[in-house]
Amino acid sequence: MRGETRPGLGGSAKILTAFFQRDPATVARELLGTFLAVGDTGGIITETEAYRPDDPASHAYRGETAGNRALFGKPATAYIYRSYGIHWCLNFVCGKTQTGSAVLIRALEPTVGLERMRKRRGVDEIRLLCSGPGKLTKALGITNALNGKPLNEPPFLLKLQPHPPEDIIVGPRIGITRGIETPWRFGLRTSRFLSRRFL
DNA sequence: TCGCCGATGTTCT
DNA sequence: GAACATCGGCGAT
C-alpha cells in the first residue's frame, strides 16, 4: 500500500478495511509506527505478531467457537480475549471477511494520556506502561466490551503512516508452544518500548 | 538480566 | 482436568 492511499488522520472505514484486508504478516509489519489511541490514551505501535487460521498457534486453528467469534468477523475490527484468566489481549482482524486472521498488538510507546495510564497500571516507569500485550490493554482501559468493535470508530483511533516502517526486527512469536518455527513477531528495531528482546 | 513460579478464568478434551 | 498469544515478584547470576 502506497502513501497516497493512506489517511493522514483517523481513517475512513474504506481505507482501513483495505489496509487490513491483506495477509496478517504484511499488516503486522506495516502497523509498526502507527499511532493507536483508545479514548484519551494511546501511543505508537512498536511490536506486533501475526496469526493465520492454518497456523497451530492461532485461536482460529480449530475453527469458530463462541469465544473466538470476533476473530472471524470483518477486517478492521477488534478481537479481544482473556489471556491466562487475568489479562486482556488486543488483536486487529485481518484478511477478507471471516478468515480468522489477526495481528496481536504486543507493545506501544506511550505518548498520550501518560498519567491516566500510570494510574491504571499502578506503575510510574514509562517504559513499563505498555511493554506487553496484557500491560497495554490495562493501560488503555481495554476490556472485552470492545470485542468486535470497528477500529475506525471511537473509542478507537488508528493513524496509519504515509510510508511503511524501516528498520524492522523479526523473530519467533512469544509464549506459544506450537507454530514456533514461524517468525511472525515484528518490532521497531531501535525502540526502547518492546516487550522483550528479539532472539 | 534471567529463570522460575503462582495467580486466575475460559475453553476444550 | 489440562492448556493457555501473561505478568510481577523473587532469588540467583
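Just so we're on the same page: letters track the sequence lines, and every chain starts at 1. Just so you know, these numbers use all the heavy atoms, side chains as well, and skip hydrogens, waters and symmetry mates.
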- Query: If you look at every strand shown and take non-hydrogen atoms under 4.0 Å, does Ile86(A) touch a base, only sugar-phosphate, or nothing?
  - Reply: base
- May I ask you to say what Gly85(A) touches in the nucleic acid, namely base, sugar-phosphate or nothing, with a heavy-atom cut-off under 4.0 Å? base
- Report which part of the nucleic acid Arg196(A) touches: base, sugar-phosphate, or nothing (heavy-atom distance under 4.0 Å, all strands). nothing
- Message: Rounded to whole Å, how long is the line connecting atom CH2 of Trp88(A) with atom P of dG9(B)?
- Response: 11 Å
- dG9(B) - base-pair partner by Watson-Crick or wobble geometry, distances under 3.5 Å: dC4(C)
- Can you tell me if CZ on Arg196(A) sees more than 12 non-hydrogen neighbours from other groups inside 6.0 Å? no
- Message: Please identify the 5'-most and 3'-most nucleotides of DNA chain C with any atom under 4.0 angstrom from a heavy atom of chain A.
- Response: dC4(C) to dG8(C)
- Query: Rounding to a whole Å, what distance do you find between His59(A):NE2 and dG9(B):C1'?
  - Reply: 14 Å
- Rounded to whole angstroms, how far apart are CZ on Arg69(A) and P on dT11(B)? 11 Å
- Looking at side-chain heavy atoms only, is the closest gap between Asp40(A) and Arg116(A) below 4.5 Å? yes
- Spacing of Arg197(A) atom CZ relative to dG3(B) atom P, expressed in whole Å: 12 Å
- Separation of dC12(B) atom P from Tyr84(A) atom OH, nearest Å, is 17 Å
- Message: Counting only Watson-Crick pairs (N1-N3 plus N6-O4 or O6-N4) and G-U wobbles (N1-O2, O6-N3), all under 3.5 Å, who is the partner of dT13(C)?
- Response: none
- Look at all strands and tell whether Ser195(A) reaches a base, only sugar-phosphate, or nothing, counting heavy atoms closer than 4.0 Å. nothing
- Please work out if Ile176(A) contacts a base, only the sugar-phosphate, or nothing of the nucleic acid, heavy-atom cut-off 4.0 Å. sugar-phosphate
- Query: So does Glu49(A) pair up with Arg173(A), basic N to acidic O under 4.0 Å?
  - Reply: no
- Message: Rounding to an integer number of Å, can you tell me how far Arg178(A) CZ sits from dC12(B) C1'?
- Response: 11 Å
- Query: Which sits closer to the 5' end of DNA chain C, Leu71(A) or Leu128(A), going by the nucleotide each is nearest to?
  - Reply: Leu71(A)
- Query: Side chains of Arg185(A) and Ser195(A): does their closest heavy-atom pair fall under 4.5 Å?
  - Reply: yes
- Task: For Arg178(A) and Asp55(A), run salt bridge (charged side-chain N to carboxylate O under 4.0 Å, His left out): C-alpha distance rounded to whole Å, both residues' side-chain angles, the deciding distance at 0.1 Å, then the answer.
- Result: CA-CA 8 Å; Arg178(A) 294 164 301 169; Asp55(A) 152 20; over 6 Å; no
- Task: Would you check if Leu104(A) and Leu90(A) make a side-chain contact, meaning some heavy-atom pair closer than 4.5 Å?
- Result: no
- Task: Grab the CG-C1' distance between Asn68(A) and dT10(B) for me, whole Å please.
- Result: 12 Å
- Run the ring-centre check on Tyr51(A) versus His59(A) and record whether the distance is less than 6.0 Å. no
